[in-house]
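Structure, as structure tokens:
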Amino acid sequence: LPHNNVQGIAGTGTEDSAAPERKSIEKALRRSPQLFSAIFRSNPAATILSSLSNGRCVDVNEAYAKLVGFTREELIGKTTVELNIWISAEERQRVVTELAQKGHLENVELTLRKKNGELINTVAGGEVFTWDGQRYILSFFFDISERKRMEEALRESEDKYRTLAEQSLQGTWVIQDMRVVFCNQTFANMGGWTVDEVYSFSPEEVTNIINPDDQKRVWGRFRERLEG
């Protein structure tokens, strides 16, 4: 395929009843294939243009090649299934089928495989459009692997804290908006309640856990901390 593959799909054609997004793509190609090509290549999102009928890659930008670890030459003319980029051919078919039916997708989380076998988490979107009688998919991917790792690390940290708090011999409880959002067994035992009973306390019951003589001081400090 020639180097200017994106420009190569431009030509004369008629507008169909496509969605506004698809019409915008088609108009951009008709008015200025060179402009479309420039936008395609400079797009910070990893972008791939492929044939809807056979899934073969027509063109990719540098960001997409970098994302999956292949060169542009290795990608063009191949399907992402042949290159083992998708975790499963079935998942790809599900996404393509939905794209073909709806004409577009956005904010879909997908796990892809790089050339070296590393798995990457992405959020993706795509548009289906018609040009010169052929239907194409223009897909965009953003790497969210680091965000996923941070979320998982936070979950693990929260799980460790919860485990420590649950096993602590010190009575521990956490309230939010005067509702109990965490309580360990030690705290429940101190009042002769079950843990479930503590979780069900009304705001009034939460207030009255504190000795009436100490409520003004305790809740006063609590409000001060909330207000910074």
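Quick caveat: nothing in here was measured; it's all calculated off a predicted structure.
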Heavy atoms, side chains only, cut-off 4.5 Å: are F70 and T80 in contact?
-> no
Determine the sole option in L49, D59, I48 for which the side-chain contact (heavy atoms from CB on, under 4.5 Å) test with I76 is passed.
-> D59
Find the distance between CZ (F222) and CE (M178) and round it off to the nearest 0.5 Å.
-> 6.5 Å
If you measure from OG1 on T194 to CD on Q185, what distance do you get to the nearest 0.5 Å?
-> 8.0 Å
L75 versus I85: any side-chain heavy-atom pair under 4.5 Å?
-> yes
Evaluate the side-chain proximity of T172 to T186: yes if any heavy-atom separation is below 4.5 Å, no if none is.
-> no
Is E151 atom CD crowded by more than 12 heavy atoms from other residues, nucleotides or ligands, each under 6.0 Å away?
-> yes
Check whether any side-chain heavy atom of I120 lies under 4.5 Å from a side-chain heavy atom of F141, and answer yes or no.
-> no
Under 3.5 Å: donor-acceptor pair, side chain of R56, backbone of G77 | yes
Do V206 and I210 belong together in a cluster built from hydrophobic side chains that touch within less than 4.5 Å?
-> yes
Step by step, would you call T111 with E91 a side chain to side chain contact (heavy atoms under 4.5 Å, CB included)?
-> CA-CA 10 Å; T111 301; E91 184 180 32; 5.9 Å; no
Beyond-backbone contact of R113 with I87, side-chain heavy atoms, under 4.5 angstrom = yes
Student check: side-chain heavy atoms of V195 and W173 closer than 4.5 Å = no
CE of M150: more than 12 outside heavy atoms within 6.0 angstrom?
-> no
Set of side chain to side chain donor-acceptor pair (under 3.5 Å) partners for D213, sequence neighbours left out = none
Without hydrogens or angle criteria, can the side chains of T97 and Q93 be said to hold a donor-acceptor pair below 3.5 Å?
-> yes
Would you say D177 has more than 12 foreign heavy atoms packed within less than 6.0 Å of its CG?
-> no
With hydrophobic residues grouped by side-chain heavy-atom distances under 4.5 Å, do V198 and I175 end up in a single group?
-> yes
For N121 and S145, work out which heavy atoms get closest and say how close.
-> N-OG, 2.9 Å
Look at the side-chain heavy atoms of Ile, Leu, Val, Met, Phe, Trp and Tyr, link any pair under 4.5 Å apart, and say whether Y64 and V123 land in one connected group.
-> no
